[in-house]
Amino acid sequence: MSRFFATGSDSDSDSSSEEEQIIRQPTAAFTFSDEEEDTKRVVRSAKEKRYEEITNLIKQIRNYKKIKDMSSLLSSYEDLMRAYTKALPVITKEENGITPRFYLRCLVEVEDFVTEVWEDRDGRKNMSKNNSKSLTSLRQKMRKYIKDFEEEMTKFRASPDQPDEDEEEEKDESDDSSDDEDSHPVVTKKPSVEPVSEPKKVAAEGGDDGDDDSETDWGSDSDTSSESSDDENQYTSVRERFLKKAVDKDDEDKEKPPGPKKAPKRVPKKKPKEEDSDDDGGKWETVKGGVAIPSEKPKMFAKDAEINVDLVVKKLIEIVAARGKKRTDRREQIELLHELLLASEHHNLGHAVAIKIKYSIVSSIFDYNPKVSDAMKPEYWAKLLEQIIDMMDRMIAAKNVIMNESILEDNEQYETAPYKLRGCVLTIVERLDEEFIKLLKECDPHSNEYVQRLKDEKRVVDIIDKVQTYLEKQEDIDADLCRIYMRKIEHLYYKFDPTVLQQKQGKLEPGTQTSVQVMDRLCKFVYDKDQTDRLRTRAILSHVYHHALHDNWFQARDLILMSHLQEAIQHSDPPTQILYNRTMAHLGLCAFRHANIKDAHNCLVDLMMTGKMKELLAQGLLPTRQNDRTKEQEKVEKQRQMPFHMHINLELLECVYMVSAMLIEIPYMAEHEFDARRRMISKTFYQQLRSSERQSLLGPPESMREHVVAASKAMRNGNWKACNKFIINEKMNAKVWDLFYQADEVRSMLTKLIREEALRTYLFTYSHVYDSISMATLAETFELEPSVVHSIISKMIINEELMASLDDPTHTVVMHRSEPSRLQSLALQLTDKVNSLVDYNERVFETKQGFFNRGGNQGNFRDRQNYDRRGQDWGRQRREREQRAY
């Protein structure tokens, strides 16, 4: 070998000869090439290999998410699932089967991203076909895959800000290694045979990416610290193979051979080397003990400061000025305000300062909820109620505190009465009421939580009463009084008060105030003082609702008719329209309880005709087809929904409407049975009746609608007992009639109406069969008083609904047979249709014969038209004469 290398070419340079001399030296048995260093000598555990593969795929997924490359995201997600499946044995062994936190974070991010893109319909429309197909596939695979991780993902969502386990392990390992190196630095002897390389290179090979602290401790060269991480990883195996620590020349001179027990001490440097910056350009911060040092709370006052009103107010303005800023800690702000309140009370600075601080505390608690659309957390809701009650007690006790928005901050008065403060108590109460409604909507209405939340309404109403008491002592604030009265009205108008009916019956002690009297006083004040028209409209609707709820039918009817709200309600805002619909619904129920069937039908027909009664009353959203409602519209409509305890029973409303329509429609259909021009009074009821007639096989009724349809068919035949049995039975009582107050009176009233309308239907249907009918027989058949039967028949004769006369000596109804029989009516209908068909054929025939093209024909054509018209008139008159003759 030496002879071969000695015979070199003459053209080689001196440097090449020097290299040859170096190469001729005897090589150690463990010397290896650079290629072997790259491939074979990097030793990693199975966990590192699998985790590195998963981490690289997660980085790819995040990059594809940024550019919304769905096809690449789908392929990377599939690779990630396969990589995790491969890593499962390692995870089971190392992590005891617990899914790594960084993997859960990736799954949650992908799920949120896919959900967001899927709900963005406009963005999906603009997608390419390939991306859209990939998005669908990714969504299906993701929903199927994450079923195994549902519990862990739920726990992760509860605390997503915690660091991942791999980051904590790296920190712990780095801390442990640094501590070990501090106490026991590794110093090894040089091996007997060294590899053939330059000494500087060997020193450089000792650097490692994860041992920056050890490099600074042992004084590594500055050139090695500036190398890239790839170069450092390339020579990591060299350090591990030689087990030698790379040091500088200066440190080699200072280094002492290690003794059997003593270890060399590390010399601390004055300026430690900064860590390498991360991708975002920031630098790692050295933290003592691995735990972040909490920032010190700012001091409230200086040590020797004299605490007076001006100092406390200045500090209050300073704290409040931080509201809404980006990095303001809301919890700390509330704590500072509490400390400031304690300081002011300790030094007896007066009620005005304490009230102002309390006002700021309440505002800060409101600000603690970052999202306006979401409900407040229950613990902060409880604190909010306590603070507002305390503030209002202080304001009422002070008696000389004026709080108004019109007062400027420079004009505030804290030391001398009357105290003047800038603020608005009314705004706080209105926002409190809105938060209460949000809390109720967030709860499940069928749970105990809803009942617990509903108990807070008493405290909210107490706060409204206290604000009302405070404002009534002020002067020239009619607008504010109207607003606070409306808040009280909105908590009162939908509640039933049994004492009102007891007062009507004379069972209540004189002088007792009922809710009707309170509503009357509050609403009349709003009618008189309101200048906005909106509050007046809502007060009228609430007043009508309360009257209808307590069976004051005439007062409610007169008030709604005098207000003329039906004409302009469509121009009002949606909440007012919802209140109008709720008022009309209860007005219809009140009319039904008073046996005013036509009025009840007219009140409810507008709600029932649309088929969207649930949405019109704001008691839920109906599923829509073809995405008629956008996400923003659905969110707004959900915010308008009424709390569950204010709902009106929809099945009760529908049953009352159907029964009212039955009592009106069935006699009308019997009267105009053969009238071709008969109009429908209730389209909804008519459709139910026709759909039932089209069915070939009818079983016993089950639902409420089927009961009403079966009762209608029985009434049509004059069988009032079967009709009454279908309407009033155990099933219908449990579903509908027992929901009424004094349900027995409602059932007896309904039975009487069914008898009367069944009598009218019977007379319309079978009058052509009889020459005369005994009123005593009718009264016995329909179980009515003879006077009632006489009254009903007399009214029918007066309105020309029945062609008959009453014979008083014999108490009979004599039929005049002026109406045609069924066969005669059918014959007349056939005659009309045949005549119209003949006229039409004649016109068509004359048109085809070229009647228009004859000379001088225009006048003839007009004559012919007049002749045809006269002929039609003569035919109509002839048919009328024939009908009279019958």
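For this chain, numbers begin at 1 and follow the sequence in order. Note that the structure is predicted; figures quoted are calculated from it, not measured.
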**Request:** Tell me, yes or no, whether the heavy-atom count around K441 atom NZ, taken from other residues, nucleotides or ligands under 6.0 Å, exceeds 12.
**Result:** yes
**Message:** For Y493 and H546: C-alpha separation, side-chain torsions, deciding distance, then whether ring pair (Phe, Tyr, Trp, His ring centres under 6.0 Å) applies.
**Reply:** CA-CA 5 Å; Y493 78 94; H546 201 67; 8.1 Å; no
**Message:** For F525, is there any backbone N or O sitting under 3.5 Å from a side-chain donor or acceptor partner on D528?
**Reply:** no
**Message:** Restricting to salt bridge (charged side-chain N to carboxylate O under 4.0 Å, His left out), what partner residues turn up for R582, sequence neighbours left out?
**Reply:** none
**OG1-CZ distance between T765 and R760, expressed to the nearest 0.5 angstrom** = 11.0 Å
**Prompt:** Residues in side chain to side chain donor-acceptor pair (under 3.5 Å) with S692, at least two apart?
**Reply:** K713
**Message:** Less than 4.5 Å apart, side chain to side chain, heavy atoms only: is that true for S682 and V605?
**Reply:** no
**Message:** So C523 and V526, do their side chains get closer than 4.5 Å, heavy atoms only?
**Reply:** no
**Prompt:** If you measure from CG on L784 to CG on L778, what distance do you get to the nearest 0.5 Å?
**Reply:** 9.5 Å
**Request:** Taking all heavy atoms of C723 and all of M662, pick out the closest pair and write down the distance.
**Result:** SG-CE, 4.1 Å
**Asked** Can any side-chain N or O of E637 pair as donor or acceptor with the backbone N or O of L621 at less than 3.5 Å?
**Response** no
**Message:** side-chain contact (heavy atoms from CB on, under 4.5 Å), that's the test. Do Y657 and T684 meet it? Break it down for me.
**Reply:** CA-CA 10 Å; Y657 170 76; T684 307; 4.0 Å; yes
**Message:** Enumerate the side chain to side chain donor-acceptor pair (under 3.5 Å) contacts for residues 733-746, please, sequence neighbours excluded, ordered by first and then second residue.
**Reply:** N733-R747, D738-R747, D744-R747
**Complete:** Taken to the nearest 0.5 Å, the spacing of T583 OG1 from I540 CD1 works out to 10.5 Å
**Prompt:** Considering residues at least two apart in sequence or located in another chain, which fulfil the salt bridge (charged side-chain N to carboxylate O under 4.0 Å, His left out) criterion with K833?
**Reply:** none
**Complete:** In terms of heavy-atom contacts, A804 and M815 come closest through CB-SD, 3.8 Å
**Message:** Please report the interatomic distance CD1(I792) to CD1(I797), rounded to the nearest 0.5 Å.
**Reply:** 12.0 Å
**Item:** Distance, nearest 0.5 Å, that separates CE of M803 from CD of E800
**Value:** 5.5 Å
**Asked** Would you call C655 and H707 a side-chain contact if the rule is heavy atoms closer than 4.5 Å?
**Response** no
**Prompt:** Would H586 and Y494 count as having a side-chain donor-acceptor pair, cut-off 3.5 Å?
**Reply:** no
**Message:** If you compare all heavy atoms of A758 against all heavy atoms of M715, which two are closest, and at what distance to 0.1 Å?
**Reply:** CA-CG, 4.2 Å
**Message:** Salt bridge check, E693 against R716: does any charged N sit closer than 4.0 Å to a carboxylate O?
**Reply:** yes
**Asked** Considering residues, nucleotides and ligands other than Q570, do more than 12 of their heavy atoms fall under 6.0 Å from its CD?
**Response** yes
**Item:** Shortest non-hydrogen contact from L616 toward N581
**Value:** O-ND2, 3.0 Å
**Prompt:** Is the number of heavy atoms from other residues, nucleotides or ligands under 6.0 Å of E780 CD greater than 12?
**Reply:** no
**Asked** Do the side chain of N719 and the main chain of A714 share a donor and acceptor less than 3.5 angstrom apart?
**Response** no
**Message:** Main chain of E801, side chain of N799: is a donor-acceptor contact present, judged purely on distance under 3.5 Å?
**Reply:** no
**Prompt:** With a 4.5 Å limit on heavy-atom distance, are the side chains of S660 and F685 in contact?
**Reply:** no
**Item:** side chain to side chain donor-acceptor pair (under 3.5 Å) pairs, two or more places apart, involving residues 601-621
**Value:** E615-R629
**Request:** Using side-chain contact (heavy atoms from CB on, under 4.5 Å) as the criterion, list what pairs up with D573, not counting sequence neighbours.
**Result:** R534, P575, T576
**Request:** Decide yes or no on salt bridge (Lys or Arg N to Asp or Glu O under 4.0 Å) for R538 and E490, but give the supporting numbers first.
**Result:** CA-CA 9 Å; R538 292 186 66 84; E490 288 176 356; 3.4 Å; yes
**salt bridge (charged side-chain N to carboxylate O under 4.0 Å, His left out) against E756, all qualifying residues, sequence neighbours excluded** = none
**Message:** Tell me if a side-chain donor or acceptor on Q641 pairs with a main-chain N or O of G620 at a distance below 3.5 Å.
**Reply:** yes
**Request:** For the residue pair T514 and D497, confirm or rule out a side-chain donor-acceptor distance under 3.5 Å.
**Result:** no
**Fill in**
For M732 and N729, the nearest pair of non-hydrogen atoms, with its separation, is N-OD1, 2.8 Å
**Asked** Taking only residues at least two apart or on different chains, which pairs with a member in residues 769-779 satisfy side chain to side chain donor-acceptor pair (under 3.5 Å)?
**Response** Y762-Y770, D771-R817
**Request:** Find out whether T810 and D807 are in side-chain contact, i.e. whether some heavy atom of one side chain is under 4.5 Å from a heavy atom of the other.
**Result:** yes
**Prompt:** Is the backbone of A661 close enough, under 3.5 Å, to the side chain of E665 for a donor and an acceptor to pair up by distance?
**Reply:** no
**Message:** Counting C-beta onward and ignoring hydrogens, is there a side-chain heavy-atom pair between I560 and L541 closer than 4.5 Å?
**Reply:** yes
**Prompt:** What residues form a side-chain contact (heavy atoms from CB on, under 4.5 Å) with K524, not counting sequence neighbours?
**Reply:** D520, Y527
**Derivation of the side-chain contact (heavy atoms from CB on, under 4.5 Å) call for L440 and H645** = CA-CA 9 Å; L440 290 176; H645 69 284; 3.6 Å; yes
**Message:** In the structure I gave you, are the side-chain heavy atoms of L617 and L650 within less than 4.5 Å of one another anywhere?
**Reply:** yes
**Request:** Could you list the residues that satisfy side-chain contact (heavy atoms from CB on, under 4.5 Å) with H446, not counting sequence neighbours?
**Result:** D444, F644
**Prompt:** Within the distance-only criterion (no hydrogens, no angle test), does the side chain of N596 pair as donor or acceptor with the backbone N or O of D599 below 3.5 angstrom?
**Reply:** no
**Message:** Any non-hydrogen side-chain atom of H564 less than 4.5 Å from a side-chain atom of E567?
**Reply:** yes
**Asked** Could you give all pairs that pass the side chain to side chain donor-acceptor pair (under 3.5 Å) test and reach residues 551-561, with sequence neighbours left out?
**Response** K504-N552, H547-N552, D551-R593
**Prompt:** With distance as the sole test, does N724 use its side chain to make a donor-acceptor pair with the main-chain N or O of W720 at under 3.5 Å?
**Reply:** no
**Item:** Those residues that, when tested against K495, pass side-chain contact (heavy atoms from CB on, under 4.5 Å) (two or more places apart)
**Value:** E457
**Request:** Write down the atom of P667, the atom of E757, and the distance for their closest heavy-atom approach.
**Result:** CG-OE1, 3.2 Å
**Request:** Could you tell me the separation between the CE atom of M704 and the CD1 atom of I727, rounded to the nearest 0.5 Å?
**Result:** 9.5 Å
**Asked** Going by atom types alone, do Y580 and T537 pair a side-chain donor with an acceptor below 3.5 Å?
**Response** no
